[in-house]
Amino acid sequence: MAKVRILLDRKGQKECGIFSFPARPTRYHQVELPSLVIHFSTAWRPIFIQGSRQWPNSLEWIKITLSGTRLYYASLGYGDLASLFSQYYVPCPLDGREVLSSFNPHLQVGVGKTLKALDELPEVLKMAAEEGNGHLKEICEAIVRWKRFYFFELPRILKCKINVLPPDSMICDYNVLPVIVSTGCLNNCGFCTVKDGTEFKIRSRSEIRTQVDEITSALERELKSYRGAFIGNLDALCAPDDLLFYGVDILRQRVPWIKNFFMFGSVHSLVEKDLSFFKKLNSLEANFFINIGMESLDSKTLALIKKPISPQKVEGAWKKIELLNSLFPYLDVSLNILASPAFPASHWERLILKLENEGRSSRGAIYLSPLDAPVGRWFFKLAKSIQIRSKRPVRLYNLVGL
Ligand code: SF4
């Protein structure tokens, strides 16, 4: 019979931030078995797992997201990642995709064994529960219930897939409550892997309210641990102002302690949005993080990635980002820039020229997002050359969904 140790109500981090370890929610439970350690939310949702046999690194964990996706948090030995970006982990999906050139957790024996042990967990706990530990029965039932949530309940509530979360939400370890005000995207970028094929569509107030009511009710027992919300989906900034304020307001009515809101915008929606919208957002006594998919300032690269936009328009968006970050302290507008070893030199030259001529503002991080090539030496070499010329924080971002 497997020996099971349960530690209830352990304390995690109270606030969002960048930590040198995977941040845990304010309160969580720990279950230890000979082959693995599992951290559960207060609703007994498995959130972190670490194996014991042939486990690659004691600093590293598998995280299970709200939709049940398993991500391996690779530390890369706290080398360039920590020193260049003040980042300590790269979340790598465990679906075989090669995110890092030097390490693929999908191929690690210890990771495979741990995932197998996780799948067998309900059976193991059920047997141990027969010995009379009441918590184990509750945990078994919860694991089954969360599986149903991932596969049926969450898709029914959201009525869309959240394939990517804004990179800034890493400060909440991607633990965000989704509030979907619009779906689809008006643009049609050739390189895009996150668009679900639907056209841009805004949701009605009653659809937004129902979705928020249902998600907060489904997550009621762990709601206290959330510190952030995702106003989605792919280009929420394109939605009308009143609808965006409605989405923020309805969530704050249900979860008043949420102080961090994350959303995506496109170059078009950012340029079109009136300054009065951002002024009002800034006055709402919360932090708003908006990530804009700029991708490149270079015409050759924009053509290569089939992004139907002119470099002049991207320049216009960049200027607006500088203005917003300088005017509004509760707003943080960050930029996404694609990175690939196949890009022409002009992609990097234009970016560096821009950074060297920027004003003083150090707000609004630049997220370098690898495209079509795993992160390796080429990436860190380029990132270093960007970092030393930028007054803004520079970070690595590989796509993480809900
Ligand atoms: S704007 Fe973003 S989401 Fe829309 S098609 Fe382009 S890359 Fe995809």
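Order of appearance sets the numbers: ligands from 1, and atoms from 1 within every ligand.
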**Q** So does R45 pair up with E222, basic N to acidic O under 4.0 Å?
**A**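 Salt bridge: yes.
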**Q** Side-chain polar contacts of residues 109-118 - donor-acceptor pairs under 3.5 angstrom, sequence neighbours left out - could you list them?
**A**
unit_1	atom_1	unit_2	atom_2	d
K113	NZ	Q54	OE1	2.6
T114	OG1	G110	O	2.7
K116	NZ	E120	OE2	3.0

**Q** Which residues and atoms, counting only protein N, O or S, are under 2.8 Å from atom 8 (Fe) of ligand 1?
**A**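 Per the 2.8 Å query on atom 8 (Fe) of ligand 1, atoms found are C192 SG.
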**Q** Using side chain to side chain contact (heavy atoms under 4.5 Å, CB included) as the criterion, point out the one residue from E315, E272, M294, K320 that pairs with V267.
**A**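 By the side chain to side chain contact (heavy atoms under 4.5 Å, CB included) criterion, V267 pairs with just one of E315, E272, M294, K320: M294.
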**Q** Is it the case that over 12 heavy atoms from other parts of the model lie below 6.0 angstrom from the CD atom of E356?
**A**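 Yes, CD of E356 has more than 12 neighbouring heavy atoms, counting only those of other groups under 6.0 Å.
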**Q** Which value, rounded to the nearest 0.5 Å, describes the distance between I305 atom CD1 and E295 atom CD?
**A**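 The CD1 atom of I305 sits 5.5 Å away from the CD atom of E295.
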**Q** May I ask you to decide if T183's main-chain N or O and N233's side chain share a donor-acceptor pair within less than 3.5 Å?
**A**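 Checked: no pair found.
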**Q** Ignoring hydrogens, tell whether any protein atom lies closer than 4.0 Å to atom 2 (Fe) of ligand 1; use the non-hydrogen atoms only.
**A**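 Under the 4.0 Å cut-off, atom 2 (Fe) of ligand 1 has no protein heavy-atom neighbours at all.
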